[in-house]
Amino acid sequence: GEGGTIRIGVAGAHSGDLASYGIPSIKAAELVVDMYNANGGVLGRQVELVIEDDVCKPEVATNTAAKLVGDEVVAVIGHICSGATKAALGIYKDENIITISPSATNPPLTKSGEYPNFLRTIAPDDAQADVEVSFAVDTLGLKKIAVLHDKGDYGKGFAEFCKAQIEAKSGVEVVLYEGIQVGAVDYSAIINKIGNSGADGVIYGGYHPEASKLVSQMKKKNMDIPFLSDDGVKDPTFIKVAGEYSEGVYATGPVDTSSNPMAIKAVEDHKAKYGEEPGAFFLNAYAATIAVLNAIEKAGSTDYEAVSAALRSEYVETPLGKISFDEKGDAIGVGFAVYQVQNGEYVELK
Amino acid sequence: MSDAPVLEVNDLSMVFGGLRAVDNVSLNIKKGEIVALIGPNGAGKTTFFNCITGVYIPTHGEVKINTSEGSAVLNGLKPNVINEKGLARTFQNIRLFSNMTVLENVMIGRHQSLKSGILSSVLRTKKNRIEEQKVIDDSYEILRKIGLEMYVNELACNLPYGAQRRLEIARAMATNPFLLLLDEPAAGMNPQETNDLVELIERLRKEEDITILLIEHDMSLVMTLSERIYVVDYGKMIATGTPEEIKNNKEVIKAYLGEDIDA
Amino acid sequence: MITIKDLKKAFLNALWFIFLTFPIMVMKVNTINDTLIWRWMNMLYIGVAAFVFTLLGKIYTVRKANRSEIVKPSLIQIVNSKMENKKVRYSSLAAVVAIVILYPFLMSMYQTSIMTTALMYVVLGLGLNIVVGFGGLLHLGYAAFYAVGAYTYGLLFYHFGLNFWLCLPIGAVFSALFGIILGFPILRLRGDYLAIVTLAFGEIVRLVLENWNEFSFGPSGIANIARPMIFGQKLKLAQVTNFTYFIAVGLTILTIIVIRRMESSKMGRAWEAMREDEIACQAMGIDITKAKLTAFSMGAVWAGIMGVLFAAKTTFINPASFTTWESIVILCVVVIGGMGSIPGVIAGALIFILTPEYLRAFSQYRMLIFGIALVVMMIFRPGGIIPKIRRSYQFAADKEETQEVEA
Amino acid sequence: MLKIKNISTYYGNIQALKDITIDVSEGEIITLIGANGAGKSTTLMSLCGIVPVKSGSIEFEGQEISKMNPDRIVSLGISQVPEGRRIFPQLSVRENLDMGAFLRNDKDEIKKDIEYVYDLFPRLAERRHQQGGTLSGGEQQMLAISRALMARPRLLLLDEPSLGLAPLIVQQIFDIIKKVNQENNTTVFLVEQNANMALKIAHRGYVLETGKISMTDDADKLLANEDVKKAYLGI
Amino acid sequence: MNLEYFFSLFLGGLTRGSIYALIALGYTMVYGIIKLINFAHGEIYMIGAFTSLIIGAALAMSGMNPILIFVLACLAAIVYSAAYGITIERLAYRPLRKAPRLSVLISAIGMSIFLQNYVLLAQTSDFLPFPLVLPNMKFLKPIEHMMTTTQFLILISTAVVMVLLTILIKFTRMGKAMRATSQDKDMAQLVGINVDRVISMTFLIGSATAALGGVLISSHIGQINFYIGFIAGIKAFVAAVLGGIGSIPGAVLGSFVLGLTESFGTGYISSDYEDAFAFIILILILIFKPAGLLGRKENEKV
Ligand SMILES: Nc1ncnc2c1ncn2[C@@H]1O[C@H](COP(=O)(O)OP(=O)(O)OP(=O)(O)O)[C@@H](O)[C@H]1O
Ligand SMILES: Nc1ncnc2c1ncn2[C@@H]1O[C@H](COP(=O)(O)OP(=O)(O)OP(=O)(O)O)[C@@H](O)[C@H]1O
Ligand SMILES: [Mg+2]
Ligand SMILES: [Mg+2]
């Protein structure tokens, strides 16, 4: 209520097999809120987090959203998966609740214009695909590309954009376009197929566990063609898991901000508080939380229209750099770059 | 017409792998008769029943029925169709619906006689309600006739063995057969209970106007009840005749009855 | 009550569990950072817990052995016998009706929303109960029918703008057809062979939805599906939540009535007989092909209807909602509630679906607790929460007799 | 040898045995007769520990067995031919016989015993490789008896061994029971519906009526008893 | 048609098949004895893998010889999985010996959920690189691009385990007791079999097999997390049923059929429907052989 605390919801997969993508955003929000509260809160009020699990399932996400609505949150950081986000947005939209996702990259979420209350601190899949394909074709000079994906909404969506963009270019063709089976014990069949297709490069849409299996099995079979992937793979865990096989792999990811002092501080704080390195989408969630709190402060109230306008007009300093949001809700200033694993580390290619 | 046998089996054979369990058996039964099928263990009696009732598809031969509705060949039909045609049976190894009540077991037997479909039972039309109540009452009546009314709401599996055997008969009777096939109905009964069973079968035949073919090892029952007896051994028919004839048939005595048979 | 021997046993159990859980509870390895942490306290906790639980278990068995001398009627029997009384029956019915009607107005939107979900599982459970509980056919692909319903509405709405009410019966019919399609190839299969084929069928349906983009939009699914409307009026969120709740209530009541009547009809008995003994069943003149196919299609109908409601409630569908896991959840509802028992399945769904929601407070531990709860529940109530009670019948003959006695 | 003292057994809430007391001495054949559902089979199952007894005691050769596990009880030398035969349906005839000798280790003797039962029931020898489950009813009964004999029991429990057997074989079975009793000094506890035959070969008999022992006497006296005649012999 | 391509798909299918087989063997054994679709079997496999990861990583810090570490970690996995197997049987299945079969199934599902979350909470939800890696064997050098050392070991272990289990079941006393127990528990007791012990032994052996699978397969894949058991369990279930559930050679044959179908399906059609091929072949086979490839038809005498 007025004068009381300001409530911010944090929603996403906090349990189950996708928890590792959701839990870092809780920690990010906690760190930011602690920081604000220590400095007297926002508009003189303390900020309180309401954390709700949606296990990344649309049907659970609607209940989660109803719970957050009932708890009178002003804004929600989340959800994590695009599917759950779409289901929950149906509810937030009717209740005028600002929703900022650190990780839902499905383009229609912003591009369709259906959800004016939705924003995100991550670039959409098509933007990423753009970067990926032009790198593959223009920089690496690939001519025959195999495009694979994990059949998930993120991976397949990304792969589709890649495919479309490759096909739009002349002199390049998609020689193989297929979904792989997540959790399969062995990928030799699909790898043989890549070999058989005569591809001179692979673009993979999906997350790092499958990617590392693919890469290592390819290398073991002495198949030495470039392997390019997405943000889901641009994760230090990938390098750890795939070990020497990860060497040379390309992945797109948000422009490197690790030298950003705020990012350095955020990671340090995380280590201090939780004793470990932060996980996936940590910085995006961190930025989202700062953006919301900053907008409330700038708007001078928790009123939806005011906060929404403030988010779009005010630039704010975040670990991702200085950002704001465009009309559709995509972050301005959050772009993609291509990285390559070199000597066991992702290095941004300029 | 009335002279034509109700059941006519011609040259029936059933082969399992290399074993001829039933070997060229022919048999016929006239309306209203009680006929027994006897023979040593493993002679093929139950297999013969299984072939007639559609549980097995006979390797060779023909099973035919003649009723007021004309004659029909049964081989190759499914068990439920054969049952519809008016043949009902009991099982040697009791096969009741063990977790259903005694009454429900009998009600299952009435399944064929019910006409209303799913829709009318969901809408619970008047016709449907009347029909349902009638099934219940009919089934109860059957149980009463067979002397099982004290068990109506018991689960079938909790009944003593002898009662289960009688419930098998009740359930078979509920399908309104013209021909009843009983596989060792007296097994597991003591002599007194067997006497009661004899009475029951006699009564069923008289009151319900049915024909009976039975398999039994209890000679006192076979000899008192049946009008004709068929004897099989190693799948082959070795003798047929009245009880007196069979009792004195050398081959039957040697293969099956043994020397001193009282009764 | 507790002897030295028991203490010794408890101690040995404690040692066993310390041994058993040692690598996983005490050591924590992270091969990403190459760290190894020792958590010796966990060893202590495990030991103490195993010790205490062994003793509690012992006390429980001793108590139970002493108690069962006089067998008390169970709570359910008491309730049932109370229900015999018309007055009690009608007044408790009235109370239930009142609670059901007032519920959304007294509770928050969230509570209403999860109650709607729970009611949907009641219907799903009751539908699956036809196949598993009545027919005895273990079905692990039920979610496929759920998906058929959901996609029926999702696609018809997307392409033709058909509304919820129109799609409800269409979804039901499509699902029933799928039930029959599934039924045919598996008529000859028994027991667990049936289970695996139904599982396979469910997965195939999901894989098709996942891969056939042109038809189903693949994993990104269909968003912005319309919520239920009254006379074409779009409702506000709170209103539509309540409205959806009442639709769920209505459908639940419809399901209960229809399934109860089916159960006590000719078909219902045929299903049961089929479950007990297929051969005897055929010998009694029942066509088991027909019985199986009707069981599958009548079971599928409810999944189809709930699928439509699901799409309308979440406004977004994608194949990830219809996994084998979903089928397993519905199966759990049926078995935990009490197979073949309608009140059981209702109780099962409410408990099974609401418990994890109320365990949200334990967020990380809730699935752990949930897993244990399943095991414990089955051990203490293997027949389910409210096991099936067989109905007994009224006979005309009975009535005559009592009249005779009176006369 | 066997002392059953005041045992009561329940199925859920239903009491199937009420205070049964039975004594069997070494080398005897005793028979238990009674109507359907009297509790005869339950008595045997309680004895073997398959159905737990609620109260009372069972002593076998001085050892209390009422709380023992069935496999321990069997290892003391008790074996049973259960009602309904209970053949292992997917084992062959030969394997079923081997199972009977499960607790024995004397290979050569086992071989001899197998030959012995094949001698008793040539039909089984013919069918030795057939799956137990596909045998005819009577063949299964022969197999069940043979399987029990394979254990070389000191106390043999027979639950309606003549059920479903051809008259010739019934006669033979009773002869075999007698023979086993006389030659091997095996004590026999016989439950039979065919009371006539049973009482003829038994030394003593018990009559069980709805879970209670209602009468016990020497077999020939029971055979002559009017009540028994009327109720169980059908005369 | 490209012969080398065909051949490499074939080898890939075999590899996959032997991986499934290693899990399916234990599965089918447990099923054989108590007719339980043991949903927790996949979790036993996962626990085996995790135990070896933990022990292996801990030992690696001491700088021991990698082969020795592999052997020790493998042993630890086997011991622990077996211990988990019998404990689960004791706690979650034995009290339900007389309960309806579906209740036991639900109990197994509960156990599976519990074990997943137990490992998730006590360890981590992340994928961890699997530290146990076997050095390449020299004689495999020429076909290395088609078959690695681990694949080779998996194939060999499958064959060895299958032979051992077949011998165990067909010819030993324990095997006989297992078969009798699976057909009629009361009667098994009446011939003097300690049914509880036999069932425990079955779980012990089945779980140990799963652990061996856990170590070898994880070493092949190179990473594990708490969730790997679920899919493995389902696939093993499919394989076991395909071959005729309860039959040891059946489980292996079923696994190979499954592996080859998936491999050729992916290679010649599309990996989009990889799992679908597996399920379609399952349905087709069961339509024509309702008891699986090597399953004995339940010969029901009426
Ligand atoms: N499904 C089957 N497969 C193989 N053999 C079978 C099968 N059914 C029956 N048999 C064999 O066929 C023969 C005849 O069996 P059947 O059951 O008909 O005998 P029966 O005359 O009824 O004997 P009983 O009086 O002992 O019941 C037996 O030897 C039996 O082993
Ligand atoms: N598993 C069971 N559950 C419940 N009641 C049972 C069970 N088994 C037997 N009974 C009941 O216990 C009583 C005794 O049964 P039992 O089988 O011992 O009788 P019996 O003397 O052997 O009869 P029969 O001659 O028919 O074999 C019967 O009333 C029976 O209904
Ligand atoms: Mg027979
Ligand atoms: Mg008995």
Side-chain angles (χ1 to χ4, degrees), chain A residues 14-16 19 23 26 51-53 55-71 81-95 106-109 112 114-115 125 149-157 160 178-179 181 236-237 239-241 275-277, chain C residues 30-35 37 107-118 120 150 207 210-211 213 217-227 234-238 240-241 244 310-311 313-323 325-326 353 356-357 360 362-368:
Chain A
H14 303 155
S15 66
I23 290 174
I26 304 181
I51 296 161
E52 293 296 344
D53 187 8
V55 252
C56 260
K57 291 191 175 153
E59 61 273 27
V60 181
T62 52
N63 291 337
T64 306
K67 180 125 205 311
L68 290 174
V69 169
D71 288 339
C81 303
S82 294
T85 310
K86 281 182 202 164
L89 273 176
I91 289 177
Y92 298 139
K93 182 177 148 191
D94 285 5
E95 294 293 307
N106 191 271
L109 278 170
S112 70
E114 297 268 1
Y115 309 106
D125 293 336
H149 59 84
D150 66 356
K151 303 187 195 172
D153 52 358
Y154 171 61
K156 190 170 180 181
E160 260 166 33
E178 267 179 43
Q181 201 68 45
T237 317
I239 302 174
K240 275 289 181 185
V241 175
E276 54 188 16
E277 292 277 343
Chain C
N30 188 328
T31 46
I32 296 177
N33 317 325
D34 282 326
T35 52
I37 305 167
M107 298 300 216
S108 69
M109 194 167 91
Y110 164 67
Q111 295 289 351
T112 312
S113 174
I114 60 173
M115 189 51 87
T116 310
T117 308
M120 288 168 60
L207 287 167
E210 204 164 69
N211 288 305
N213 266 22
F217 303 97
S220 47
I222 305 171
N224 276 318
I225 299 169
R227 296 202 177 92
K234 198 165 181 299
L235 300 170
K236 286 245 271 300
L237 183 62
V240 86
T241 308
T244 316
F310 172 86
K313 179 173 184 280
T314 50
T315 71
F316 169 75
I317 51 174
N318 75 353
S321 299
F322 309 102
T323 55
W325 177 244
E326 192 63 32
I353 301 305
E357 285 292 342
R360 264 176 189 275
F362 300 90
S363 63
Q364 297 190 37
Y365 296 97
R366 71 179 188 168
M367 286 313 277
L368 187 86

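The model shown is predicted, which means the values in this text are computed figures rather than measured ones. Here is how names work: the chains are called A, B, and so on, in the same order as the sequence lines, proteins then strands, and each is numbered from 1.
- Distance check: Lys156(A) NZ to Glu210(C) CD gives 7.0 Å after rounding to the nearest 0.5 Å.
- Proximity to chain C is limited to the side chain of Glu114(A), based on heavy atoms less than 4.5 angstrom apart.
- Within the 4.5 Å cutoff, the side chain of Arg227(C) has heavy atoms near those of the Asp94(A) side chain.
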Apply the test side chain to side chain contact (heavy atoms under 4.5 Å, CB included) to residues Glu59(A) and Met120(C): give CA-CA distance (whole Å), side-chain angles for both, the deciding distance (0.1 Å), then the verdict.
-> CA-CA 11 Å; Glu59(A) 61 273 27; Met120(C) 288 168 60; over 6 Å; no

Working for side-chain hydrogen bond (donor to acceptor under 3.5 Å, both in side chains), residues Asn30(C) and Glu276(A) | CA-CA 11 Å; Asn30(C) 188 328; Glu276(A) 54 188 16; 5.8 Å; no

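- Looking at Lys86(A) and Asn318(C), their side chains never bring a donor and an acceptor atom within 3.5 Å of each other.
- In this structure, the side chains of Lys151(A) and Asn211(C) come closer than 4.5 Å at one or more pairs of heavy atoms.
- For Glu52(A), the parts sitting under 4.5 Å from any heavy atom of chain C are the backbone and the side chain alike.
- Among all heavy-atom pairs drawn from Ile32(C) and Thr237(A), the shortest one is CD1-CG2, 3.2 Å.
- Between Asn63(A) and Lys313(C) the shortest heavy-atom distance is OD1-NZ, 3.1 Å.
- Annotation: the span from Thr62(A) atom OG1 to Phe310(C) atom CZ amounts to 7.5 Å, rounded to 0.5 Å.
- Thr315(C) touches chain A through its side chain: at least one heavy atom from C-beta onward sits under 4.5 Å away, while N, CA, C and O do not.
- For Thr64(A), the parts lying near chain C are the backbone and the side chain together; criterion is any non-hydrogen pair under 4.5 Å.
- Within the 4.5 angstrom heavy-atom criterion, only side-chain atoms of Thr117(C), from C-beta onward, approach chain A.
- Using a 4.5 Å cut-off between heavy atoms, Tyr154(A) makes no contact with chain C at all.
- Contact of Lys57(A) with chain C is made through the side chain alone, with heavy-atom distances under 4.5 Å.
- Two residues are said to be in side-chain contact when any heavy atoms from C-beta on lie closer than 4.5 Å; Phe217(C) and Asp153(A) fail this criterion.
- When all heavy atoms of Ser113(C) and Ala66(A) are compared, the pair lying nearest together is CB-CB, 4.0 Å.
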